[in-house]
Amino acid sequence: MWLLSHIGPLHYAKQRNHLERDVTMKGLYFFFFFFYEEITFVFQERENLPVTEDNFVKLQVKACALSQINTKLLAEMKMKKDLFPVGREIAGIVLDVGSKVSFFQPDDEVVGILPLDSEDPGLCEVVRVHEHYLVHKPEKVTWMEAAGSIRDGVRAYTALHYLSHVSPGKSVLIMDGASAFGTIAIQLAHHRGAKVISTACSLEDKQCLERFRPPIARVIDVSNGKVHVAESCLEETGGLGVDIVLDAGVRLYSKDDEPAVKLQLLPHKHDIITLLGVGGHWVTTEENLQLDPPDSHCLFLKGATLAFLNDEVWNLSNVQQGKYLYILFID
């Protein structure tokens with residue numbers, strides 16, 4: 001996490017005037033060698049940003065979160081250029097707005113995610129971004145909290161609201177609940193009045209989940225590889241199965257054929273299908289999920305749905321179709 005220090009009103013006014021003048025700033029970029037799949041990070045000097053126009057906003061960055069760089073997606077999108085910006089989840093103060101900007105004005109505190117094809121790195125003093133990638137930052141949320149939670153917050157909200165339609169009384173299984181995504185998803189599910197079941201990958205994770213308030217209905221410790229997730233969920237729901245499953249990846253094959261990294265903690269795809277209730281929703285992050293005809297038939301008999309949670313779905317839409325999606329920030 002990268003955070004600029006807080007400054008007083010007078011110092012801020014002086015710094016703002018400095019940033020609005022023609023100055024040279026440094027931003028963090030990376031070279032990606034597609035053939036060798038290697039990354040090299042470099043600081044690159046950037047001239048002052050062009051005049052803010054149309055729907056663009058000039059933003060002074062106060063905090064920027066560092067997320068994993070999806071080099072595979074960059075290669076698939078054929079976004080081959082010399083330098084790629086680093087840091088996309090940002091929070092900051094609006095310095096200037098274009099003539100067509102309708103949602104923001106100077107001095108507004110905002111948070112957002114830079115698009116996949118952004119020319120500006122979040123790890124820079126000032127960035128230029130389209131207004132549709134930003135929302136107002138809630139007053140009680142700090143800069144670091146805003147930048148650090150916006151990405152997983154959008155993912156969790158997308159999974160629960162758009163892909164699985166969570167509602168009061170529904171039962172939700174959230175795999176790896178102590179992860180950044182999992183903790184936000186648990187809180188959103190509780191906020192909607194759902195009953196939450198979660199898995200823990202270690203004793204520390206289990207203790208963390210047991211401290212949640214309101215409490216989680218059941219915490220399933222899968223760290224020793226002996227607990228059967230499907231049986232635990234069916235027991236908790238009286239044999240009916242859960243209404244919504246948010247996985248953190250699944251095993252596709254038997255333990256003998258699966259890579260070592262997936263052997264212990266991830267459930268098998270058959271376990272997910274078994275524990276899913278009638279009319280249930282399975283939201284998966286497994287991009288290479290393969291279902292055999294018997295698996296599909298079982299989902300058909302249950303009237304269940306399967307949805308894929310793509311981290312970059314809003315950015316892919318922008319790059320390919322030129323359409324902007326609003327980012328929702330939950331206070």
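Predicted, not measured: the structure shown is a model, and the values here were computed from it. Atoms considered below: every heavy atom in the structure, side chains included; atoms not considered: hydrogens, waters and symmetry mates.
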Checklist line | Stepwise side chain to side chain contact (heavy atoms under 4.5 Å, CB included) check, Val94 with Lys58 | finding: CA-CA 6 Å; Val94 175; Lys58 183 184 287 187; over 6 Å; no
Checklist line | Side chain proximity check, Thr274 to Glu231, heavy atoms < 4.5 angstrom | finding: no
Side chain of Lys206, backbone of Glu210: donor and acceptor closer than 3.5 Å? no
With sequence neighbours left out, the residues meeting ring-ring contact (aromatic ring centres under 6.0 Å, His included) with His297 are none
dist His130:NE2 -> Asp54:CG (nearest 0.5 Å) comes out at 8.0 Å
Next item on the list: Find out whether Leu240 and Leu234 are in side-chain contact, i.e. whether some heavy atom of one side chain is under 4.5 Å from a heavy atom of the other.
Entry: no
Students should find that the hydrophobic cluster of Phe300, defined by side-chain heavy atoms under 4.5 Å apart, otherwise consists of Leu301
Hey, does Met144 have a side-chain heavy atom less than 4.5 Å from the side chain of Lys62?
-> no
Are Glu286 and Lys269 ion-paired here, with the side-chain N under 4.0 Å from a carboxylate O? no
Taken to the nearest 0.5 Å, the spacing of Ile272 CD1 from Leu246 CG works out to 10.0 Å
Output for pair (Cys208 SG, Ile216 CD1), nearest 0.5 Å, gives 8.0 Å
Do Phe104 and Leu134 have side-chain heavy atoms sitting under 4.5 Å apart? yes
State, with a plain yes or no, whether a side-chain heavy atom of Ile273 is found less than 4.5 Å away from one of Trp282.
yes
What one should report as the nearest heavy-atom pair of Ile184 and Gly153 is CD1-N, 3.7 Å
- Item | Stepwise side-chain hydrogen bond (donor to acceptor under 3.5 Å, both in side chains) check, Asp295 with His270 | CA-CA 7 Å; Asp295 299 329; His270 294 155; 3.2 Å; yes
Value for CG (Leu163) from OG1 (Thr305), rounded to nearest 0.5 Å, stands at 9.0 Å
| Lys100/Glu131 under salt bridge (charged side-chain N to carboxylate O under 4.0 Å, His left out): CA gap, chis, key distance, verdict | CA-CA 10 Å; Lys100 296 183 180 179; Glu131 65 172 328; over 6 Å; no
Would you check if Val111 and Val135 make a side-chain contact, meaning some heavy-atom pair closer than 4.5 Å? yes
Check: Under 4.5 Å between side-chain heavy atoms, hopping through other hydrophobics if needed: is there a path connecting Val227 to Leu203?
Finding: no
Any side-chain heavy-atom pair from Val245 and Leu275 closer than 4.5 angstrom?
yes
Closest heavy-atom pair, Glu89 versus Arg151, reported as atoms and distance to 0.1 Å, is OE2-NH1, 3.2 Å
### Task
Please step through side chain to side chain contact (heavy atoms under 4.5 Å, CB included) for the pair His132 and Phe103, ending with a clear verdict.
CA-CA 9 Å; His132 286 176; Phe103 296 104; 4.0 Å; yes
Item to complete: Carefully, step by step, assess Leu289 and Leu306 under the rule side chain to side chain contact (heavy atoms under 4.5 Å, CB included).
Response: CA-CA 11 Å; Leu289 180 66; Leu306 171 64; 3.7 Å; yes
Heavy-atom closest pair (Ala248 atom, Thr285 atom, distance to 0.1 Å) is C-OG1, 3.6 Å
- Query: Which is it for His228 and Asp271 under the side chain to side chain contact (heavy atoms under 4.5 Å, CB included) test, yes or no, and what are the steps along the way?
  - Reply: CA-CA 8 Å; His228 200 285; Asp271 295 332; 3.6 Å; yes
Note: Leu291 and Ser296 closest approach over all heavy atoms is CB-OG, 4.0 Å
Here the gap from His165 atom NE2 to His281 atom NE2, rounded to the nearest 0.5 Å, amounts to 6.0 Å
**Donor-acceptor under 3.5 Å (Glu145 side chain, Thr142 main chain)** = yes
Rounding to 0.5 Å, atoms CD1 (Ile197) and CD (Glu235) come to a distance of 10.0 Å
**Request:** Please check if the side chain of Asp221 supplies one atom and the backbone of Ser223 the other of a donor-acceptor pair under 3.5 Å.
**Result:** yes
Review point. Does the side chain of Ile186 come within less than 4.5 Å of Leu209's, by heavy atoms?
Key: yes
From the list Asp107, Val57, Val126, Asp108, side-chain contact (heavy atoms from CB on, under 4.5 Å) partner of Leu95 resolves to Val126
Please tell me whether Tyr162 and Val283 are part of a single hydrophobic cluster in this structure, the criterion being side-chain heavy atoms less than 4.5 Å apart. yes
**Asked** Do Phe308 and Leu252 belong together in a cluster built from hydrophobic side chains that touch within less than 4.5 Å?
**Response** yes
Here the pair of heavy atoms bringing Lys302 nearest to Leu276 is NZ-O, 2.6 Å
Show which side-chain atoms of residues 168-183 pair as donor or acceptor with protein atoms under 3.5 Å away, not counting sequence neighbours.
| unit_1 | atom_1 | unit_2 | atom_2 | d |
| --- | --- | --- | --- | --- |
| Ser171 | OG | Asp243 | N | 3.0 |
| Ser171 | OG | Asp243 | OD2 | 3.2 |
| Ser179 | OG | Asp176 | O | 2.8 |
| Ser179 | OG | Gly182 | N | 3.0 |
| Thr183 | OG1 | Ser179 | O | 3.2 |
| Thr183 | OG1 | Ala180 | O | 3.0 |

Heavy-atom closest pair (Pro267 atom, Gly249 atom, distance to 0.1 Å) is CD-O, 3.9 Å
Notebook entry, point to check: Between the side chain of Ser164 and the main-chain N/O of Ala159, is any donor-acceptor distance below 3.5 Å?
Noted result: yes
